[in-house]
Trainee: 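Before I ask anything, let me first share the structure, which is written out below as structure tokens.
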Amino acid sequence: MGYLELLFGTLTVAFLALVWNFLVSFALTPYFKAKRMREQGVRGPKGSFWSGCAEEISHMKAASREMVMDINSHDYLNKVVPHYVKWISQYGGTFLYSVGRKPRLCISDPDLVKQVLSNKFGFYMKLDSGTEVAALLGNGLVLTEGEQWARHRRVVSPAFTMDRIKTMTRTMADCAKSMLDKLHNKKEVEIGTMLKELTADIISNTAFGSSYSAGKEVFFAQYELQMIVLASFLKLELPIKKYLPTEINKRRWMLEKKLRETLMGIIEKRLASKEAGYGNDLLGLMMEACMSEKQEEINMSMDEIIDECKTFFFAGHETTSHLLTWTMFLLSTHQEWQQKLREEVLSECGKEIPDSNKISKLKWMTMVVFETLRLYSPVSLIGRTTCKDTKLGNLMIPKGMDIIIPIAIIHHSKEVWGPDANEFNPLRFENGVSKAAKHPNAMMAFSIGPRACVGQSFALMEAKTVLCMILQRFSFTISTDYKHMPADMITLQPQKGLPIILRPLKA
Ligand code: HEM
């Protein structure tokens with residue numbers, strides 16, 4: 001056989017292998033996965049061959065985007081997740097749909113959800129979230145798996161123990177004080193933006209030893225990346241497009257570079273200021289793990305630290321700022337609860353800057369914060385992928401099936417929370433979180449199981465400290481300019497901000 005024939009033969013085999021692989025992963029595997037689920041009685045919308053249900057979801061979301069709701073209604077599911085509402089009513093709480101060629105199983109039964117999230121054997125991994133999300137969050141704790149995740153979690157967890165958080169309360173209060181001092185001469189403010197800056201300032205100070213102004217570049221770059229991620233959802237493009245020098249990719253690469261450089265600056269500053277050690281905040285613990293030669297099981301590379309910084313800069317402020325914003329909204333529209341909380345705050349803390357002991361005595365406040373997390377959970381859905389054939393309830397789920405857990409739907413379910421599920425009723429948490437609903441794990445705002453939020457106690461302490469200080473100084477009502485438009489922009493937030501009217505309280 002001549003050289004040319006050999007080359008031609010090899011190229012033909014390579015080409016056929018490529019076509020076969022494409023056929024298997026693009027057409028056959030998704031088809032058989034969906035078939036296996038349908039054979040077990042799971043139903044759902046058909047969708048088109050190429051895009052699945054992506055177009056229908058986009059249309060439904062676009063139709064509800066500009067919908068303005070009654071200010072007293074918390075039933076926003078038709079606006080935020082209209083497709084799930086429609087399909088659950090047609091096919092029940094467990095149903096199958098697809099985005100592109102990928103089938104997705106949506107489960108909303110808390111028992112099934114608990115099985116998925118509590119699994120300790122690694123049967124369920126995080127969804128492959130794509131290059132855009134990785135650029136925003138870094139390959140840090142939220143996205144990593146297996147040994148890397150366990151090692152990182154071991155390194156960062158000591159930064160968020162209750163003892164450590166108690167020592168951070170003073171810093172949280174100082175940051176809140178400097179924001180509130182700026183509000184004193186203002187009558188009407190868009191509080192959402194201010195709370196975002198405040199929570200950014202708090203995570204910068206407590207975890208990285210820098211202020212919001214020093215970390216500003218990180219937050220700005222991440223905000224722009226967040227918008228790029230948002231625009232990429234439901235957009236079905238050939239995977240190769242992510243690597244082409246399109247305008248949006250060039251912008252993303254530039255932002256990633258800027259993010260990395262700013263984070264390196266913060267890290268180098270810490271390296272230069274090293275005296276006895278690197279400090280026991282999050283950054284200090286990660287640097288100790290990077291520099292230590294002894295402890296291999298908790299080692300971290302510099303690249304891994306940068307990824308974790310991205311994760312914590314973003315996850316550490318975005319969600320908590322929306323929790324605070326929605327609590328301000330609910331307290332503005334439920335003046336009786338605002339008054340109740342203020343009385344509690346003044347009786348436990350007076351007008352003093354609160355410490356962690358005083359914060360832990362605020363029972364009504366805790367109930368209001370949990371009710372806000374239930375009604376307006378900043379994270380509306382989470383996802384997993386099965387990494388082997390797995391039994392879930394009565395179903396056999398094939399390997400590689402995406403599973404969607406619609407937290408917002410579960411949090412608003414009348415079956416789970418009772419007939420008043422769509423109403424603001426903090427009293428449901430009077431006997432603790434596990435007794436608030438018919439199912440002990442129905443509250444999923446921080447998720448549950450081994451991958452539950454590592455910053456949960458930090459977020460709760462932060463939210464209560466800030467609310468406490470606002471209630472000590474101001475009474476507030478909602479501005480007539482407010483438009484009630486909850487929107488899922490990776491996190492649930494008021495689409496047009498939250499303008500409120502502030503009235504300083506007498507000293
Ligand atoms: C109200 C505030 C917060 C909410 C509602 C929230 C919610 C969540 C949820 C639902 C998850 C699980 C995601 C999944 O399973 O796919 C999660 C994970 C995580 N959160 Fe939070 N979070 C909040 C605040 C924070 C804060 C303040 C930090 C950091 C200081 C933080 C850092 C993280 C990290 C690193 C993970 C990944 C944990 C792991 O996989 O081991 N979060 N969060």
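Because only heavy atoms are used, hydrogens play no part in the values below, and waters and symmetry mates are left out as well, while side chains stay in. Atoms within a ligand are numbered from 1 in the order they appear, just like the ligands themselves.
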Trainee: Any side-chain heavy-atom pair from Met401 and Pro103 closer than 4.5 angstrom?
Mentor: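 Yes; the side chains approach each other to less than 4.5 Å.
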Trainee: Return the minimal non-hydrogen interatomic distance between Met37 and Met396, and the atom names on each side.
Mentor: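 Heavy atoms only, the tightest pair is SD-O, 3.8 Å.
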Trainee: Are Glu256 and Arg252 close enough for a salt bridge, meaning some N to O gap below 4.0 Å?
Mentor: yes
Trainee: Quick one: which of Trp337, Phe429, Phe370 gives a ring-ring contact (aromatic ring centres under 6.0 Å, His included) with Trp364?
Mentor: Trp337
Trainee: Salt-bridged, Arg374 to Glu371, with N to O below 4.0 Å?
Mentor: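 A salt bridge is present here (some side-chain N lies under 4.0 Å from a carboxylate O).
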Trainee: Students should find this: residues with any non-hydrogen atom under 4.0 Å from ligand 1. What is the answer?
Mentor: Lys126, Leu141, Val142, Trp149, Arg153, Phe160, Ile203, Phe312, Ala315, Gly316, Thr319, Thr320, Leu323, Pro378, Val379, Ile382, Arg384, Ala445, Phe446, Ser447, Arg451, Ala452, Cys453, Val454, Gly455, Phe458, Ala459
Trainee: Are Phe329 and His484 close enough that their ring centres sit under 6.0 Å apart?
Mentor: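 They qualify: ring centres under 6.0 Å apart.
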